[in-house]
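Just so you know, these numbers use all the heavy atoms, side chains as well, and skip hydrogens, waters and symmetry mates. Each ligand, and each atom within it, is numbered from 1 in the order the structure gives.
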Amino acid sequence: MNKIFDRHYPMIIDGKPVDTDSVSEIRSPFDGELVGTCSLGTAEAVDAAVAAARAAFPAWSGLADEERAEFCQKIGSVFEAHAVELASLITREQGKPLVAGGFGSQFEVGGCIGWSMATSQLSLTEEVLPAGEGLSVVQRRVPKGVVGSITPWNWPLLIAVWHILPALRTGNCVVIKPSELTPLSTLRAVELLNETLPAGVLNVVTGDGLVGAALSGHPDIDKIIFTGSTATGKKVMHAAAENITDCSLELGGNDPAIILPGTPVEAIAPGLFFGAFINAGQTCGAIKRVYVPEADHDALVAALAELAQATVVGNGLDDGVAMGPVQNEAQYEKVRKLTQDALKSGASLAAGGEPVGNGFALRPAILGNCRQDMAIVTEEQFGPALPIVPYPNLEQAIEWANEGEFGLCASVWGGESAERENVANAINAGTVYINTHAELNPMVPFGGVKASGIGVQFGVEGLKSFTDSKVFYERANG
Ligand code: NDP
């Protein structure tokens, strides 16, 4: 295996390594140790990458559908061959443990393999549409051209794959900008994939929000796909509007979980804990607030506290560690502040909340007796702290669950099936889970309503969003 840590990772533009004078050091969020370095890109690097993608587009879009499907499989094989290296890199730059009960960085790379293979199986066929006599109408899906992708720091490589694979599968070329906080796994993956893909088909530029802004406002981008905060999503949409560029936005979530009356709460506690603390809570579609009947509050809080106390938090490279650090200082401070504010306003700390080590690791906090007006309930904490809100009746729980700007996912737990169905129907979210949470599948559309985003990813519907509709009318001669 090549050296993974302490190496320099260049941008890849038109199949070649590209560097600038400005170098960024990427450090582990657990202990501050150097993971590697990369160049900081500029608006000029964005121009060069977009030009390379544009130049590669005619040949790439001209391939037969089966040829691009084969490339997607080859991409999956590259991830498979380099799984250990990529997982180690993700763990060091992002913080999530290698294993973490099956949902760490090895799972993230496994997801990259699975999504690549599944995307190779998806295909958009032409549709023959009803038309008048002597007239035939066919609708085909054609690639948009150059796709700009902007990704966040929580699942850096998996989200990159969610953007890149459907774009390439449908015949587009890509310029990706990873978060400046976690660029290395994407830089390495693009470097590896460029050994397989034609030059210019997949390019990566690094840099901060200004580079992201240069990409989303670029006049020669045909689609922008963005995953990150709602505040930045709005800026991306503004920039895209300037050129009437299509955009897909996967933004924040403040997912509610509603526990129905009469549910044996000890039995569902492990599922709730997993749904809330996957990736130390840094997942858009994780449970961010729990509504439980007043009578069941104490038992649920005790069961979740027991699970929190048993969770080993630490360096993700160490055996047995189930939860890593918060990825960055700003997010760490946000989680701590929201937790402290909740405690000052009357929440009770049943477990966790204290730092581990000298970096940004926190023990998972279980906060009982929370109220709907607390900031930790109304805002997206995006970290290892879970507010539990007792509710007086189900109508009130549904009303609270639907409050706020977000509508990504929600879950309903226990109770009778008719009651579950009624509650699930009453919740305004892109995905409603029943007796589970945070499940994803490459064949199933995923997206949010309200300020959680625009459009869906995955499945045939997700694939279509990387294409334009092109309709052919033909009138028979004579
Ligand atoms: P951002 O939304 O700022 O970052 C996401 C991506 O957008 C990064 O690549 C970032 O670059 C880039 N970016 C920043 N500014 C611009 C811009 N003006 N135009 C285009 N791209 C830009 O997330 P934060 O890191 O600030 O996290 C803040 C909050 O976002 C979190 O607390 C959490 O609530 C939410 N979040 C949601 C995620 C999700 O999966 N839906 C993922 C991550 C965060 P760079 O990092 O280099 O600045």
Side-chain angles (χ1 to χ4, degrees), residues 22 24 26 29 38-43 46 93-96 108 148-160 162-163 175-187 204-218 221 224-242 245 247-255 278-286 288 326-338 360 375-376 378-385 404-409 430 438 440 446-448 451-454 457:
S22 176
S24 170
I26 306 303
C38 66
S39 281
L40 278 178
T42 55
V46 172
E93 70 171 349
Q94 198 280 330
K96 65 172 65 74
E108 181 163 353
S149 147
I150 301 175
T151 53
W153 43 261
N154 54 342
W155 293 90
L157 195 54
L158 188 54
I159 292 175
W162 291 348
H163 291 189
V175 177
I176 183 167
K177 190 208 86 70
S179 165
E180 63 187 318
L181 299 166
T182 54
L184 302 185
S185 49
T186 302
L187 287 165
V204 56
V205 291
T206 49
D208 58 11
L210 290 178
V211 176
L215 185 60
S216 48
H218 200 288
I221 288 278
I224 190 93
I225 176 156
F226 170 83
T227 303
S229 65
T230 299
T232 306
K234 286 180 191 175
K235 290 184 195 165
V236 167
M237 206 172 163
H238 266 287
E242 208 47 54
T245 305
C247 56
S248 293
L249 306 175
E250 207 271 87
L251 308 176
N254 192 12
D255 294 7
I278 179 171
N279 198 25
Q282 303 163 106
T283 299
C284 50
K288 308 278 170 49
V326 175
Q327 200 285 323
N328 57 77
E329 188 169 10
Q331 197 62 38
Y332 171 84
E333 293 301 343
K334 182 176 173 183
V335 174
R336 294 203 76 185
K337 182 170 186 323
L338 287 170
F360 308 133
I376 199 161
T378 56
E379 291 178 24
E380 184 185 30
Q381 71 275 42
F382 214 73
E405 63 173 335
F406 296 117
L408 191 56
C409 311
L440 289 179
F446 179 78
S452 287
I454 293 181
Q457 300 186 80

Q: Just let me know how Glu180 lines up against ligand 1, side chain, backbone, both or neither, with a heavy-atom cut-off below 4.0 Å.
A: both
Q. What distance separates Trp162 CH2 from Thr151 OG1, expressed to the nearest 0.5 Å?
A. 12.0 Å
Q | Heavy atom of the protein closest to atom 22 (C) of ligand 1 (residue, atom name, distance) | A | Thr232 CG2, 3.4 Å
Q: Can you sort out which atoms of ligand 1 are near Gly207, meaning under 4.0 Å from one of its heavy atoms?
A: 47 (O)
Q) Does a donor on one side chain and an acceptor on the other come within less than 3.5 Å for Glu93 and Ser185? A) yes
(Q) Walk me through whether Val46 and Val211 qualify under side chain to side chain contact (heavy atoms under 4.5 Å, CB included). (A) CA-CA 7 Å; Val46 172; Val211 176; 3.6 Å; yes
Q. Counting from 1, what ligand 1 atoms have a heavy atom of Lys177 closer than 4.0 Å?
A. 9 (O), 11 (O), 45 (P), 47 (O)
(Q) Within the 4.0 Å heavy-atom shell around Gln331, which atoms of ligand 1 are there? (A) 31 (C), 32 (O)
Q | Where ligand 1 meets Lys334 - atom numbers and elements under 4.0 angstrom, heavy-atom basis | A | 32 (O), 34 (O)
**Q.** Part of Trp155 within contact of ligand 1 (heavy atoms, under 4.0 Å)
**A.** neither
Q: Using a 4.0 Å heavy-atom cut-off, say whether Thr230 meets ligand 1 through its side chain, its backbone, both or neither.
A: neither
Q.
Starting from atom 12 (C) of ligand 1, what is the nearest protein heavy atom, named by residue and atom, and what distance separates them?
A. Ile150 CG2, 3.7 Å
Q: Check the surroundings of atom CD in Glu405: do more than 12 heavy atoms from other residues, nucleotides or ligands lie under 6.0 Å from it?
A: yes
**Q.** Minimum-distance protein heavy atom relative to atom 7 (O) of ligand 1
**A.** Phe226 CE1, 3.2 Å
**Q.** For Val236, the ligand 1 atoms whose distance to one of its heavy atoms is below 4.0 Å
**A.** 20 (C)
Q. Which ligand 1 atoms are under 4.0 Å away from a heavy-atom of Pro152?
A. 42 (C), 43 (C)
Q. Quick one: which ligand 1 atoms are inside 4.0 Å of a heavy atom on Cys284?
A. 39 (C), 40 (O), 41 (N)
Q.
Test side chain to side chain contact (heavy atoms under 4.5 Å, CB included) on Glu379 and Lys288; report intermediate values, then the result.
A. CA-CA 9 Å; Glu379 291 178 24; Lys288 308 278 170 49; over 6 Å; no
Q. In terms of atom number and element, which parts of ligand 1 are under 4.0 angstrom from non-hydrogen atoms of Leu251?
A. 41 (N)
Q. Is any N or O atom of Thr151, backbone or side chain, closer than 3.5 Å to an N or O atom of ligand 1?
A. yes
Q.
Can you confirm whether some protein heavy atom lies under 4.0 Å from atom 18 (N) of ligand 1, or whether none does?
A. yes
Q.
Test your reading of the structure: does Lys235 have an N or O sitting under 3.5 Å from an N or O of ligand 1?
A. no
**Q.** Any N/O pair Asp208/ligand 1 closer than 3.5 Å
**A.** no
